[in-house]
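Notes follow the structure.
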Amino acid sequence: MQIRVVDAAANAGPQVPAHLQRIFIPQLTLSSICTHKFVKGKVIQKCPLVDLDKDNYILKTVIQEHKPQHDVPPGLTDINVIFFGKLAKEFLETVQQEDVVVLTGFTIGRSPTAIKDGLHSCYLQLAGGEAHVYVFPGSTPTPGLTTSTSTNSTGTTVSTSENPKPKYTYTPLKDLKPGMIVNIYGVVTFFKQPFRTKGTDYCSTLKITDESSVKIGCSVFSEKVEEHPKVFKNGDIIRLHRVKVQFFNGSVNVVTSLGFSVLTFDGSVGTPIVPCTSSRNFHFSEQDKQTVERLRQWATNQALLAAPSTVQLAHVQPSMYFDLTCQLLAKAKMDGSCTLLKVWDGTRCAHPLLNVFVKPEALEGSVNVASGTDLVANVLVYDNHVEVAQELKPGTFLRIYNLHAILQTTSTTPSHLCFHLHGGTSYGRGLRVLPKDSLDLQQLHRTLELVTTSCEEALDDPVDIWSTPPESLNALLDEKETAAVRTCDHTLEQVPLSNVKSCTPPRLFHVRAQVRSFQPRRLYQALKLRCPHCRALFDIPDDEALASVFQKAIRGVRFGSLSWAATGFLDSSETGRKIAIHLPNWDKEELIFLEGATLEEVCCISKNLSNIVPVRSCGESMVPMDLSVPFLFQGKKRHYGCRDCSSVRHLEDFTCEEDEWNAKPISEVLGIQPLQYALLMKMELEDESGSLETLLWDDAEKFFQVTAADVAVSQELQNKIQWTMNRLCPPGSTIAERPWLELCIAVYTVEEGGRSTVCYQVLNTESTGPHVTPAQE
DNA sequence: GCTTAGGATTGG
């Protein structure tokens with residue numbers, strides 16, 4: 001049985017295994033480690049059982065954190081739990097609403113309904129043999145789970161003293177007298193992370209207070225950084241054993257003495273009281289718990305924590321000093337006294353952020369997870385902090401204390417925010433790694449989860465059984481400002497551009513990058529003519545060149561007489577010059593051969609007639625005029641032929657078998673290999689790992705969602721391409737301001753003249769944005 | 001061997 005009912009009154013019967021550690025629902029994040037963990041909560045909702053087929057059931061329930069603290073919103077305490085298989089049915093039959101349950105062997109997923117139902121951003125999934133449920137019927141008290149053991153952050157299980165007689169006595173801070181060696185408790189009001197002294201040790205400087213409001217300075221000395229108090233923020237509670245009281249500069253302070261020990265606790269009322277230490281052996285009693293509770297409550301009432309020093313990137317202002325809670329994405333050593341940290345907290349700064357560019361090979365880690373460099377803060381860490389910074393691994397969660405936001409303005413670039421952690425320890429300057437499960441990281445985890453939500457992940461969620469479409473996810477995706485998305489269904493992992501560059505072709509990759517530059521800048525030059533037969537590529541002749549060819553042809557015109565066509569003459573705009581119109585069909589004007597007209601005249605006539613073929617006569621026969629000009633005009637459309645692949649025929653006869661003329665039969669009759677319109681652009685892409693020259697060619701039409709042939713005749717579509725490129729690479733913008741593109745890239749080789757070149761092409765990708773054509777610019 | 005620091009910014 002995977003479900004066991006625990007009889008709380010009896011000491012026999014099933015028990016929750018002692019090796020399991022409780023994880024509190026408010027602390028759960030997508031990245032929480034669930035092995036050997038349990039969640040305890042009250043069943044507050046049971047949905048109807050979904051019966052898929054034999055022994056295959058799904059049951060959705062909502063569990064509320066057991067004995068939640070006040071003021072914790074349901075978004076933290078109430079979590080969706082989905083049971084699968086037999087367990088679902090068993091749970092339905094065994095567990096009643098209001099029962100308290102302990103769940104183990106679960107996995108965590110992102111709740112697709114979090115925004116809609118306002119519950120926890122994660123959900124728990126219980127499936128398979130690993131999953132177990134312990135039920136405490138009704139809301140009976142459940143001894144054996146909450147008080148007999150507690151665990152610290154290092155996983156050490158600590159026995160709780162049942163003996164009420166206190167082993168240690170703690171001296172109130174007001175009673176400290178120089179010369180005493182005492183144990184003390186206090187609330188931290190100022191702290192510095194451990195720093196190297198001129199002596200042999202590291203020193204932590206703190207100021208603490210207690211109910212007497214006396215403020216006492218503390219100096220903790222130890223050669224080992226890990227033996228120093230782990231203080232994360234003002235308001236944290238500290239317990240010091242064996243400190244020596246001194247008198248200095250008119251006030252009392254304490255210094256650690258031989259055999260000292262230190263514990264710290266989160267100072268927030270209502271959070272679990274978990275002693276924080278690297279020590280494997282320490283004493284911790286119910287009395288300690290009460291002291292921490294008391295000090296927490298007192299500090300809260302004193303409003304000691306009134307002004308939180310941590311500021312999100314979104315609220316950072318130039319020149320500000322602040323504490324930043326963030327995740328390290330990448331780092332690079334700049335020089336001996338400076339290390340660059342690229343960090344993010346998932347929020348977007350209101351000011352443009354400086355991107356300190358470093359060579360990809362010098363960068364450890366990647367900023368590719370961040371959906372836009374405008375989410376990535378570049379932090380320059382100086383002098384004494386370099387030692388700590390160098391030890392950091394990308395992915396680590398950090399708090400940076402007394403970070404300085406500096407507006408960098410040069411004459412050429414607009415101002416950008418850069419962040420400096422200056423040398424020294426003034427104002428508590430420093431860095432500290434935050435444990436992954438730190439309560440201080442809840443907000444950050446949530447923000448990062450929202451920012452990194454991708455379409456594919458959304459599909460992985462068990463949306464079907466939730467009966468709620470993940471609208472919220474779509475909404476989030478809209479906000480991501482991805483200016484191009486892949487349309488392929490390859491499940492390739494996204495890689496840095498440097499990987500693409502270093503691979504052996506042929507390969508296919510998914511990348512996320514920005515457009516550094518593109519060519520041609522004059523977008524009409526992106527429109528090309530391509531021969532599907534010989535693959536030759538031609539520029540589209542401009543009207544001036546075309547006009548000159550027509551002009552030349554007029555000069556040598558000698559109208560012939562054709563037995564197979566009716567020939568008429570029009571007066572041209574010039575005195576005496578005639579234009580010949582040959583109609584192969586008496587009664588149809590769908591196809592006419594035109595001779596002796598200027599380009600302007602051809603265009604004018606083609607406005608009203610469907611198919612115009614410019615020709616020149618050779619006695620009784622007729623040939624297309626010249627392959628450097630269109631062989632066919634259809635209204636605004638111009639059709640060109642390939643100079644190399646066409647074998648132009650002299651028309652000596654013309655029988656009309658076609659009911660309707662269009663370019664294909666006309667080109668066949670004339671012996672012309674028609675050219676196709678195509679779009680060709682070069683885009684230089686860039687990400688943190690470097691840059692890459694790519695072509696937009698085979699799938700260029702897909703990218704812009706146009707056909708090249710339509711672009712050739714539509715000012716509106718030309719504007720659309722212009723608009724798209726302006727969006728990808730706004731004129732005058734810095735790279736940080738440009739949107740990100742999610743691209744599918746093919747790497748291949750092209751053999752030319754005995755040499756092979758590696759090429760990169762963007763495939764299967766569409767630019768995003770309004771699909772209606774924007775107003776003409 | 002028994003000190004070190006003893007809060008307090010403008011700077012790459």
Quiz item: Has A:K192 got a side-chain N or O lying under 4.0 Å from the OP1 or OP2 atom of B:dA5?
Solution: no
Exercise. Compare side-chain N and O positions of A:T200 against OP1 and OP2 of B:dT4 and report whether any pair is under 4.0 Å apart.
Key: no
Could you state the [atom1]-[atom2] distance from [X] to [N], rounded to the nearest angstrom?
X      : N      : atom1 : atom2 : answer
A:F248 : B:dT4  : CZ    : C1'   : 12 Å
A:L340 : B:dG12 : CG    : P     : 16 Å
A:D201 : B:dT3  : CG    : C1'   : 8 Å
A:E223 : B:dT3  : CD    : C1'   : 12 Å
A:I406 : B:dG12 : CD1   : C1'   : 8 Å
A:M320 : B:dT10 : CE    : P     : 19 Å
A:L206 : B:dA8  : CG    : C1'   : 16 Å
A:M334 : B:dG12 : CE    : P     : 14 Å

Hey, does [X] reach any base, or is it just sugar-phosphate, or nothing, if we go heavy atoms under 4.0 Å?
X      : answer
A:R429 : base
A:N249 : nothing
A:G423 : base
A:F195 : sugar-phosphate
A:C203 : sugar-phosphate

Quiz item: Starting at the 5' end of DNA chain B and moving along, which residue's nearest nucleotide shows up first, A:S319 or A:S219?
Solution: A:S219
Quiz item: Relative to the 5' end of DNA chain B, which residue comes earlier, A:K244 or A:K207, by the nucleotide with the nearest heavy atom?
Solution: A:K244
Quiz item: Taking side chain as C-beta onward, heavy atoms only, is A:M683 less than 4.5 Å from A:M725?
Solution: yes
Show the atom names and distances, to 0.1 Å, of all donor-acceptor pairs under 3.5 Å that link a side chain in residues 176-185 of chain A to residues at least two apart or in another chain.
{"residue": "A:N183", "atom": "OD1", "partner": "A:R242", "partner atom": "N", "Å": "3.0"}
{"residue": "A:N183", "atom": "ND2", "partner": "A:T169", "partner atom": "O", "Å": "3.2"}
{"residue": "A:Y185", "atom": "OH", "partner": "A:D288", "partner atom": "OD1", "Å": "2.7"}

Quiz prompt | A:F265: ring-ring contact (aromatic ring centres under 6.0 Å, His included) partners, not counting sequence neighbours | solution = A:F284
Quiz item: Would A:R432 count as a cation-pi partner of A:F232, with NZ or CZ less than 6.0 Å from the six-membered ring centre and within 45° of the ring normal?
Solution: yes
Exercise. State whether A:F282 and A:R280 meet the cation-pi test: NZ (Lys) or CZ (Arg) under 6.0 Å from the six-membered ring centroid, and within 45° of the perpendicular axis.
Key: no
Exercise. May I ask whether A:F190 stacks on the base of B:dG7, given the cut-offs of 5.5 Å between ring centres and 30° between planes?
Key: yes
Quiz item: Do we see A:F221 stacking on the base of B:dT3, given a limit of 5.5 Å between centres and 30° between planes?
Solution: no
Self-check item: For A:R296, the option from A:T271, A:D266, A:D236 that meets side-chain hydrogen bond (donor to acceptor under 3.5 Å, both in side chains)
Solution: A:T271
Exercise. Return yes if the base of B:dG11 and the side-chain atoms of A:Y321 contain a donor-acceptor N/O pair under 3.5 Å, otherwise no.
Key: yes
Quiz item: Taking atom P in both B:dG6 and B:dT10, what distance in whole Å separates the two?
Solution: 16 Å
